[in-house]
Number of protein chains: 2
Amino acid sequence: MTGAQRPTLEAVARRAGVSRATVSRVVNGSTTVAEPIQEAVRQAVAELGYVPNLAARTLVTQRTDSIALVMPEEATRVFSDDQVFPGIIRGAAQELEAADKQLVLMLAGSPAGHERVARYTTGRHVDGVLFASLHGADPLPARLAALGIPVVCSGRPLDGAEVPYIDVDQVGGVTRAVRHLIDSGRRRIATIAGPQDMVAGIERLSGYRDTVAAAGLPEMVAVGDFTRESGAAAMRELLAAHPDLDAVFAASDLMAHAALRTLREAGRRVPEDVAVIGFDDIETAAYTDPPLTTVRQPIVELGRQGTRLLLRLAAGEDVEPALILPTELIIRDSA
Amino acid sequence: MTGAQRPTLEAVARRAGVSRATVSRVVNGSTTVAEPIQEAVRQAVAELGYVPNLAARTLVTQRTDSIALVMPEEATRVFSDDQVFPGIIRGAAQELEAADKQLVLMLAGSPAGHERVARYTTGRHVDGVLFASLHGADPLPARLAALGIPVVCSGRPLDGAEVPYIDVDQVGGVTRAVRHLIDSGRRRIATIAGPQDMVAGIERLSGYRDTVAAAGLPEMVAVGDFTRESGAAAMRELLAAHPDLDAVFAASDLMAHAALRTLREAGRRVPEDVAVIGFDDIETAAYTDPPLTTVRQPIVELGRQGTRLLLRLAAGEDVEPALILPTELIIRDSA
DNA sequence: TTGTATGCGTTATCAC
DNA sequence: GTGATAACGCATACAA
């Protein structure tokens with residue numbers, strides 16, 4: 001149970017017959033050390049199994065070589081079978097691995113969790129912070145930025161903070177989806193909107209509104225929160241209020257999936273009676289019945305690019321204030 | 001961009017008119033400090049916005065207050081819509097949040113990634129390591145344990161290492177599933193097995209084998225890797241080899257989902273012609289057509305209990321060598 | 001090119 | 001109860 005005493009720089013130096021400073025140089029890849037000495041040091045390192053103590057290094061360099069990925073969400077929602085958060089995590093993890101940095105994952109659904117994240121990040125225990133999915137007008141990103149801590153948000157901050165952010169082309173994707181419905185002859189197009197305290201929910205709804213309005217069509221809205229349960233409830237609500245609807249755009253695939261089922265239970269055929277389009281293109285979308293037409297967003301890429309942006313910021317580079325990734329309409333059988 | 005100089009213990013001490021040691025005591029909740037002094041220190045801390053420097057603390061305490069969650073998987077597979085890994089992450093995150101520790105997430109699909117995890121964890125940059133889903137006979141857990149680093153595996157280590165592990169009752173769950181098929185009159189029961197380099201894949205297959213053998217029924221096996229694609233391929237394979245099969249037990253819901261679709265494409269009705277049972281009970285299982293009968297495993301709980309076990313280990317407690325969580329057969333319409 | 005000396009911000013061991 | 005003071009392990013400015 002008790003680990004052997006861990007070798008330090010000092011031990012390696014003695015073994016190699018040089019000074020601590022020289023060992024440090026070799027370990028950190030300085031080129032100003034004579035080759036034979038480098039070799040001797042490397043051998044001593046190998047023999048002793050020396051591994052640098054990160055804490056000590058951090059203390060002097062002021063860098064932690066780790067970045068925080070903050071998900072201000074109930075853990076329950078972060079890991080539903082919505083693929084959004086896992087996708088972002090995956091993209092971030094890949095990019096950080098390439099940069100040899102650690103990913104510290106912080107869930108902050110509760111107020112206490114949020115406070116904990118605030119303490120940790122303002123305490124500079126990480127070199128940068130990537131926020132996924134902000135709710136409402138969270139002041140934390142701006143606060144961190146003001147402290148000089150590199151921050152990138154996923155989605156435009158709702159409080160108008162001047163924090164660099166990354167997002168997908170929400171409005172463009174929604175517009176293409178609704179236009180596809182219109183072009184295929186649908187005239188009574190409803191939407192199941194996402195939560196209106198999140199920028200993704202807001203923008204997808206306004207994209208719908210603008211497009212149906214531009215076509216002179218009526219607007220029919222029910223609001224959900226991206227989950228299946230909320231999608232089913234919203235679909236029932238829409239059917240009750242507008243029994244003659246002939247198409248539905250749902251702001252998430254999960255809600256679209258639930259709508260598919262709810263429509264069938266109500267005796268409507270998809271796509272004959274009602275066309276359905278979702279948003280996300282999660283893996284399940286290809287396996288629904290019928291397979292779901294949807295707006296694909298490059299979610300892993302979002303995590304990757306966001307992380308890359310953050311790393312550049314942390315490296316002291318100037319970065320663009322926003323980076324928007326394209327979306328794409330994937331046409332399957334539901335519309 | 002340049003953050004203000006961060007206040008140190010020294011600054012707080014000056015402000016409160018006491019020594020560094022006293023501030024440290026107050027910050028760390030020592031009770032041996034007079035109340036009025038405590039109050040003064042707390043006020044100085046608040047005024048200066050003091051936050052302890054974790055690196056400095058770690059350097060002296062030898063604790064990092066963070067634990068690593070290692071997923072020796074391709075990132076692609078960690079975050080498919082299989083809910084297993086996200087569920088474990090979620091459980092671990094919840095438990096660590098309660099313990100006020102950080103979660104360092106490490107993906108290690110590639111050999112290079114694996115090496116990186118080895119370096120990081122053997123370097124004692126974390127207080128403990130939780131392994132999810134080992135492939136084959138990975139020697140790393142045993143190596144860490146030998147170094148005295150707290151380790152918990154999710155699933156019995158295949159190399160027979162004496163490392164504490166946590167798992168669900170795989171065999172029990174499979175047995176109940178297959179017995180359910182037998183009890184409802186099925187006699188030609190096939191299985192789509194999971195990957196045979198993972199303990200979950202191995203145990204679910206042997207559970208199937210033992211149960212059909214005990215009932216004097218023939219065994220029909222095709223092997224997948226838990227993904228939908230592999231499930232579809234395996235189902236086709238089974239249909240070709242055993243056109244008269246009347247039931248399928250799939251070792252994951254994803255594979256079961258694909259089997260459902262493949263069976264329909266082959267003109268078989270579920271459950272009339274072929275009964276299907278999955279394993280996992282992911283969220284999608286309730287939304288397949290027909291809704292999937294499956295073996296539920298408490299995946300979030302797995303992450304939680306595993307983390308708890310690890311924290312106890314890290315606290316120097318003796319822990320049980322294995323912890324097995326129950327599984328449950330959820331009967332829906334597919335069988 | 002290499003070594004010496006110093007400091008990073010804490011906690012812990014002592015005296016007082 | 002409180003205050004000096006010595007580690008903790010490393011990187012780096014400076015001297016050689």
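Hydrogens, waters and symmetry mates play no part in the numbers below; they use all other heavy atoms, side chains included. A note on names: the letters A, B, ... follow the listed sequences, proteins ahead of strands, and every chain is numbered from 1.
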Distance-only donor-acceptor test, B/R63 side-chain atoms vs C/dT10 base atoms, 3.5 Å:
no
Got a salt bridge between [X] and [Y], using NZ or NE/NH1/NH2 to carboxylate O under 4.0 Å?
{"X": "A/D167", "Y": "A/R156", "answer": "no"}
{"X": "A/D127", "Y": "A/R63", "answer": "no"}
{"X": "A/E301", "Y": "A/R308", "answer": "no"}

Among the nucleotides [options], which one has an atom lying closest to any side-chain atom of [X]?
{"X": "B/Q62", "options": "D/dC8, C/dT13, C/dT6", "result": "D/dC8"}
{"X": "A/R57", "options": "C/dG3, D/dT2, D/dC10", "result": "D/dC10"}
{"X": "B/A21", "options": "D/dC8, D/dA4, D/dA13", "result": "D/dA4"}
{"X": "B/V60", "options": "D/dC10, D/dC8, D/dG3", "result": "D/dC8"}
{"X": "B/N53", "options": "C/dT6, C/dC14, C/dT10", "result": "C/dT10"}
{"X": "B/A56", "options": "C/dG9, C/dG3, D/dA6", "result": "C/dG9"}

Mind checking if [X] touches a base, just sugar-phosphate, or nothing, with heavy atoms under 4.0 Å?
{"X": "B/A34", "answer": "sugar-phosphate"}
{"X": "A/V27", "answer": "nothing"}
{"X": "A/I37", "answer": "sugar-phosphate"}
{"X": "B/L9", "answer": "base"}

Taking the nucleotide of DNA chain D with the nearest heavy atom to each, does B/L59 or B/R25 sit closer to the 5' end?
B/R25
Within the 4.5 Å heavy-atom criterion, are A/S19 and A/T22 side-chain neighbours or not?
yes
Can you find a heavy atom in the side chain of A/M106 that is under 4.5 Å from one in the side chain of A/M71?
no
Determine: side-chain N/O of [X] to OP1/OP2 of [N], distance under 4.0 Å, yes or no.
{"X": "A/S24", "N": "D/dC10", "answer": "no"}
{"X": "A/T22", "N": "C/dG3", "answer": "yes"}
{"X": "A/S19", "N": "C/dG3", "answer": "yes"}
{"X": "B/N28", "N": "C/dT11", "answer": "yes"}

Could you state the atom-to-atom distance from [atom1] of [X] to [atom2] of [N] in whole Å?
{"X": "A/D65", "N": "D/dC10", "atom1": "CG", "atom2": "P", "answer": "15 Å"}
{"X": "B/E10", "N": "C/dC8", "atom1": "CD", "atom2": "C1'", "answer": "13 Å"}
{"X": "B/H125", "N": "D/dC8", "atom1": "NE2", "atom2": "P", "answer": "18 Å"}
{"X": "A/L54", "N": "D/dC10", "atom1": "CG", "atom2": "C1'", "answer": "11 Å"}
{"X": "B/Q38", "N": "D/dG1", "atom1": "CD", "atom2": "C1'", "answer": "11 Å"}

Answer with yes or no whether the side chains of A/Q43 and A/E47 bring together a donor and an acceptor at under 3.5 Å.
yes
